[in-house]
Enquirer: 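Sharing a structure, written as structure tokens. Questions coming.
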Amino acid sequence: MSFLDNLTTIDIQTILDELGTTFDANKKGWQTVLSPIREESNPSFSINIQNGGWKDHGTGETGGILMLVSIVKSISTAEAYFWIKDLVHVQGQSLN
């Protein structure tokens with residue numbers, strides 16, 4: 001089990017804030033926002049604030065928070081893992 005499975009809503013919101021994704025912090029569950037992956041003028045990107053799952057309705061791509069960080073920051077998934085880990089200050093977890 002990875003620490004990613006235990007991220008809280010606050011952790012997910014912190015990650016999205018760092019990625020520059022604008023969302024309603026008071027709303028739970030799925031939200032539709034402007035895509036952090038590509039430029040668009042009408043929101044067509046859904047993100048689950050509780051678990052980090054996402055879907056880009058414009059491209060059909062889906063994934064989790066690790067993949068999203070990797071894509072947005074143009075880094076490997078291993079680098080994204082440690083970026084998230086450092087951001088949310090998780091200690092003692094191994095890369096799964």
Side-chain angles (χ1 to χ4, degrees):
M1 176 185 261
S2 167
F3 82 91
L4 295 169
D5 297 326
N6 296 314
L7 291 175
T8 67
T9 299
I10 292 171
D11 295 334
I12 300 293
Q13 291 177 345
T14 299
I15 294 164
L16 294 176
D17 283 340
E18 285 295 313
L19 295 179
T21 303
T22 304
F23 58 93
D24 182 350
N26 295 316
K27 186 176 173 187
K28 303 298 179 210
W30 288 94
Q31 294 190 39
T32 301
V33 298
L34 289 172
S35 175
I37 296 173
R38 60 188 174 80
E39 290 197 28
E40 65 179 357
S41 56
N42 294 314
S44 67
F45 186 92
S46 296
I47 182 108
N48 188 304
I49 301 303
Q50 293 172 298
N51 66 24
W54 58 271
K55 178 171 184 170
D56 188 327
H57 298 281
T59 65
E61 289 180 277
T62 62
I65 197 69
L66 181 64
M67 184 177 174
L68 182 62
V69 169
S70 176
I71 293 169
V72 171
K73 297 191 71 56
S74 298
I75 58 178
S76 71
T77 53
E79 290 170 311
Y81 178 94
F82 288 109
W83 183 88
I84 293 168
K85 190 173 177 179
D86 288 344
L87 182 65
V88 298
H89 308 290
V90 176
Q91 302 297 319
Q93 296 287 332
S94 63
L95 179 59
N96 291 333

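Because the structure is a prediction, the values reported are computed rather than measured.
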Enquirer: What pairs of donor and acceptor atoms, side-chain ones from residues 57-74 against any protein atom, are under 3.5 angstrom apart with sequence neighbours left out?
Expert:
{"from": "His57", "atom 1": "NE2", "to": "Ser46", "atom 2": "OG", "distance (Å)": "2.8"}
{"from": "Thr59", "atom 1": "OG1", "to": "Glu61", "atom 2": "N", "distance (Å)": "3.2"}
{"from": "Thr59", "atom 1": "OG1", "to": "Glu61", "atom 2": "OE1", "distance (Å)": "3.3"}
{"from": "Ser70", "atom 1": "OG", "to": "Ile75", "atom 2": "O", "distance (Å)": "2.5"}

Enquirer: Quick one: salt bridge (charged side-chain N to carboxylate O under 4.0 Å, His left out) pairs with a partner in residues 13-30, sequence neighbours left out?
Expert: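 Matches after skipping sequence neighbours: none remain.
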Enquirer: Enumerate the salt bridge (charged side-chain N to carboxylate O under 4.0 Å, His left out) contacts for residues 30-41, please, sequence neighbours excluded, ordered by first and then second residue.
Expert: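 The answer is Arg38-Glu40, Arg38-Asp56.
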Enquirer: Could you go through Ile84 and Leu87, starting from their C-alpha distance and side-chain angles, then the distance that decides it, and tell me whether this counts as side-chain contact (heavy atoms from CB on, under 4.5 Å)?
Expert: CA-CA 5 Å; Ile84 293 168; Leu87 182 65; 5.6 Å; no
Enquirer: Which residue pairs satisfy the salt bridge (charged side-chain N to carboxylate O under 4.0 Å, His left out) criterion with at least one member in residues 42-51, sequence neighbours excluded?
Expert: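 Qualifying pairs: none.
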Enquirer: Can you name the side-chain hydrogen bond (donor to acceptor under 3.5 Å, both in side chains) partners of Thr8, sequence neighbours left out?
Expert: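 With sequence neighbours excluded, Thr8 shows a side-chain hydrogen bond (donor to acceptor under 3.5 Å, both in side chains) to Asp11, given in chain and number order.
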Enquirer: Measure the spacing between CZ of Phe23 and CG of Leu34 and express it to the nearest 0.5 Å.
Expert: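 If we round to the nearest 0.5 Å, Phe23:CZ and Leu34:CG are 13.5 Å apart.
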Enquirer: Kindly write out the residues that satisfy ring pair (Phe, Tyr, Trp, His ring centres under 6.0 Å) with Phe45, not counting sequence neighbours, or none if the list is empty.
Expert: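 Checked Phe45 against ring pair (Phe, Tyr, Trp, His ring centres under 6.0 Å); matches are Trp54.
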Enquirer: Taking all atoms of both residues into account, what is the closest heavy-atom pair of Gly52 and Ile47, and its distance?
Expert: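 Smallest interatomic distance, heavy atoms only, reads O-CD1, 4.0 Å.
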Enquirer: Calculate, to the nearest 0.5 Å, the distance between atoms CG and CD1 belonging to Asn26 and Ile49 respectively.
Expert: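 Spacing of CG (Asn26) from CD1 (Ile49) equals 11.0 Å.
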Enquirer: Working to the nearest 0.5 angstrom, can you tell me the gap between Ser35 OG and Lys55 NZ?
Expert: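 The NZ atom of Lys55 is 13.0 Å from OG of Ser35, to the nearest 0.5 Å.
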Enquirer: Working to the nearest 0.5 angstrom, can you tell me the gap between Leu7 CG and Ile12 CD1?
Expert: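 Leu7 CG to Ile12 CD1: 4.5 Å, rounded to 0.5 Å.
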Enquirer: About how many Å separate OG1 of Thr77 and CH2 of Trp83, when rounded to the nearest 0.5 Å?
Expert: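 Output value for this atom pair is 14.5 Å.
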